[in-house]
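Since the structure comes first, as structure tokens, the remarks are kept for the end.
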Number of protein chains: 2
Amino acid sequence: MFWGAAKVTVDKTSTGKGGVATAVGRGGAVHIADVAAHAGVSIATVSRALTNPDRVNPATRARVLEVVRALGYMPNVSARSLRAARTRTVLVMLPSFLTPFFTVLLKGVDDALSELGYGLLMGSVHEHDQAVRLVDMTAAGQADGVLLLDGRIPRGSARSLAELHVPIVGVSVPLPGDAPVVLVRERQAAAAAAAHLLALGHRRFGYITGPAGNHVDAERWAGYAATLAEAGIAPAAIHRFPGDFRVETGRAAGRRYLALPDRPSAIFAASDMMAIGFLKEVRGAGLAVPGDVSLVGYDGIEFADYCEPVLTTIRQPREAMGRAAATLLVRLIEGQPIAPEERRPELAAELRIGGSSGPAPAS
Amino acid sequence: MFWGAAKVTVDKTSTGKGGVATAVGRGGAVHIADVAAHAGVSIATVSRALTNPDRVNPATRARVLEVVRALGYMPNVSARSLRAARTRTVLVMLPSFLTPFFTVLLKGVDDALSELGYGLLMGSVHEHDQAVRLVDMTAAGQADGVLLLDGRIPRGSARSLAELHVPIVGVSVPLPGDAPVVLVRERQAAAAAAAHLLALGHRRFGYITGPAGNHVDAERWAGYAATLAEAGIAPAAIHRFPGDFRVETGRAAGRRYLALPDRPSAIFAASDMMAIGFLKEVRGAGLAVPGDVSLVGYDGIEFADYCEPVLTTIRQPREAMGRAAATLLVRLIEGQPIAPEERRPELAAELRIGGSSGPAPAS
DNA sequence: CTGAAAGCGCTTACAG
DNA sequence: CTGAAAGCGCTTACAG
């Protein structure tokens, strides 16, 4: 699924027993020279038949491919990469802990990459030295490009990355220069959440934030606050609960909420995980959702559907985001032209109304 | 995080601007010859200073490493792998869709591998040709060994894998021969679930199964049924709902359950995801959990804690499982001796009582 | 402890 | 359309 050349050499055909088992059995030690000898051609021709089929006489090509199949030959990846100076592999930078959000994004990336004949190397972003390592790995010839899925990458590092001419594409993270970035219309989506809550009659609002400096958090807040402002609610009147997208900070927000003298009746959380944490705490304290407080999350993870009540949320097109980013990166790597207007695709996220949001309490 | 040699050459040191930026800036084109020239030694010495530090004079080594740092040299991975005939990379086979269960397992794998200086290549197992591809990839020199995390691999393929001498370690999946496998005491855990339900007074039981032929499903069923049998409940009297670990099949089980004339009062699901799906359906139909039906899941995913009510479940030591498997595989790859009694470690899984299980209804 | 040299398995101009 | 040959960037016996 992630090794492009596999399409050429294996698949259903080499599943059989016969010569294959023998060949692979002795340690996968079938080399291009073996194929050449069996097919009665030079190794150059074998190589071409595999990587540039149309530069080889059809009959010769057929013979070579038949021998490849019979012997179960698989080109050595290191040798190929070394010589060709490209790995057909992409380094995907993720947070060290794979959340349900990234899991699905990654599936989109994996599927697209696989179709394009590229492999996937995963890199977890731990505390620091992130960007440095990215550059190092690509510079060391381990990958042809980088997919930045983790918005937590510090801006400075992203800048140096771009300057270092490593093909890079971001998802929901602004990159300097003209590096392609797949975006989501965060403001629009957050505005829809605000409009939904306003329509239910709410007038006292809260917001559970993402981590400081995070791009999507800023956008979500901007869309939410702007729409509320249009309805006469000043941003300063919106109670902000600090969070970092994780469930624990949602719980902390819930506890802070419970301690408030004058509680908002509507809460918008910048992630579903935080909404779920908040829900747990306030329901645990005996509050009714949405009877006492309405709640809207963000992301649209599967689990939102299994909350009690079902979480109203903004569904991000995670798989499409991953696919779009992977496709752009491969085009970038392969030097295909990317028009300016294609560099910042903005995908739509949609409000999905569940049971966690309802009419404002009479109060 | 997944590239061993990074420890030698980079980390905090090369973060600076100076020469590094310049060197990396021109495309990472710093080669071992550049380092050798700057340090006034041969490339052989540079190579040794990096891979076999103690075979180099300390003063020479220090000088070389200083130049490496200053130039930001990173050995080319393909060249190194090609020459050394090893990649220091492990291929991890996973289901194509990363569930919360595998996500955490993978984190354990990643952490351990990283500490051991190994990289991680992810392979999703799609429908077929799975094992073939595994062998192909390792045979093609892309990885030094395989970690089998997906119990769905057909036995036959696993057998051929083992016969092909590819270093392989499984998690919760029996492998032929003496290939190491990290196991969990499934029977014991399932027995604990049964004992818990019996203690609550239940006498009518159900079981939501895993996919047909799955090893852990068989073990869980065996432990559950055996314990119930000791209490006088014949296995044939346990209602089996077919499932495959995924949430959808849990929902289907819920619908079947609701249609039953004589409903069991206690259900044990072979996965949390199925328990969550079941919960959703039966609560949606107005049943009370545990008032009408008690529910016990399996896995201990985080989300079990956010269900309403909190799911009683069997918590598997996912991270430890991943770490153990990764460690065994590296030992196998590096030819270190592994005593027979170390080849099948059995980790404990523990019952975690939540709110989804309660006293049997009076009826 | 260090260096010169072979060679890992391929791909790719360069001829023909 | 095909082949001979160079060479990708390293590591590793082999000498010294």
Side-chain angles (χ1 to χ4, degrees), chain A residues 3-5 8-9 23 27-37 39-65 68 71 73-88 136-142 144, chain B residues 3-5 8-9 23 27-37 39-65 68 71 73-88 136-142 144:
Chain A
W3 188 46
V8 180
T9 48
V30 183
H31 298 151
I32 196 169
D34 302 320
V35 177
V41 295
S42 71
I43 63 166
T45 297
V46 175
S47 179
R48 280 190 209 100
L50 256 21
T51 57
N52 254 314
D54 32 62
R55 287 199 195 167
V56 173
N57 177 296
T60 312
R61 187 202 316 154
R63 188 151 35 94
V64 169
L65 294 181
V68 162
L71 297 184
Y73 168 66
M74 297 286 297
N76 178 291
V77 176
S78 298
R80 176 174 268 185
S81 298
L82 174 60
R83 180 58 238 234
R86 47 179 285 164
T87 59
R88 284 193 153 265
D136 288 342
M137 298 193 71
T138 49
Q142 184 131 226
D144 298 336
Chain B
W3 188 46
V8 180
T9 47
V30 182
H31 298 152
I32 196 170
D34 302 320
V35 176
V41 295
S42 72
I43 63 167
T45 297
V46 175
S47 178
R48 279 189 210 101
L50 256 21
T51 56
N52 254 314
D54 32 61
R55 288 199 194 166
V56 173
N57 177 297
T60 313
R61 187 202 317 155
R63 186 149 37 93
V64 169
L65 294 181
V68 162
L71 297 184
Y73 168 67
M74 297 287 294
N76 178 291
V77 176
S78 298
R80 175 174 270 186
S81 298
L82 174 60
R83 181 56 240 232
R86 45 179 286 161
T87 59
R88 285 193 152 265
D136 288 342
M137 298 192 72
T138 49
Q142 185 131 225
D144 298 337

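Side chains are part of it too, since the values below use all heavy atoms of this structure and drop only hydrogens, waters and symmetry mates. Naming convention: chains lettered A, B, ... in sequence-line order (proteins, then strands); numbering from 1 in each chain.
Residues of residues 39-48 of chain A that place a heavy atom closer than 4.0 Å to DNA chain D, in numerical order, are A:Val41, A:Ser42, A:Ala44, A:Thr45, A:Arg48.
Nucleic acid contact class of B:Ser81 (heavy atoms, under 4.0 Å, all strands): none. Residue-level contact check: B:Thr60 touches the backbone only, with heavy atoms under 4.0 Å from sugar-phosphate atoms and none from bases.
For B:Asp144 (side chain) and B:Thr87 (main-chain N/O), a donor-acceptor pair under 3.5 Å exists by modelled atom type.
Rounded to the nearest Å, the gap between the C1' atom of C:dT12 and that of C:dG16 is 16 Å.
Helical stems in DNA chain C, defined as runs of 3 or more consecutive Watson-Crick or G-U wobble pairs with donor-acceptor distances under 3.5 Å: C:1-3 with D:14-16, C:5-12 with D:5-12, C:14-16 with D:1-3.
Residues forming a salt bridge (charged side-chain N to carboxylate O under 4.0 Å, His left out) with B:Arg55 (at least two apart in sequence, or on another chain): none. Partners of B:Ile32 under the side chain to side chain contact (heavy atoms under 4.5 Å, CB included) rule, at least two apart in sequence or in another chain, are B:Ile43, B:Val46, B:Ser47, B:Tyr73. Under the rule for a side chain to side chain contact (heavy atoms under 4.5 Å, CB included), the partners of A:Arg61 that lie at least two apart in sequence or sit in another chain are A:Ala49, A:Pro53, A:Val56, A:Pro58, A:Leu65.
Side-chain contact between A:Thr60 and A:Arg63 is present, with at least one heavy-atom pair separated by less than 4.5 Å.
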Item to check | Derivation and outcome, side chain to side chain contact (heavy atoms under 4.5 Å, CB included), residues B:Arg80 and B:Val77 | outcome: CA-CA 5 Å; B:Arg80 175 174 270 186; B:Val77 176; 5.7 Å; no

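Counting 5' to 3', DNA chain C first comes under 4.0 angstrom of a heavy atom of chain A and last does so at the ends given by C:dG9 to C:dA13.
Listed here is the closest heavy atom pair of A:Ser78 and B:Ser81: OG-CB, 3.2 Å.
Closest-nucleotide positions on DNA chain D for A:Val56 and B:Ser78 were compared, and the one nearer the 5' end corresponds to A:Val56.
Here the NE2-CE distance, from B:His31 to B:Met74, works out to 12.5 Å after rounding to the nearest 0.5 Å. Interatomic distance, A:Asn76 CG to A:Leu82 CG, rounded to the nearest 0.5 Å: 9.5 Å.
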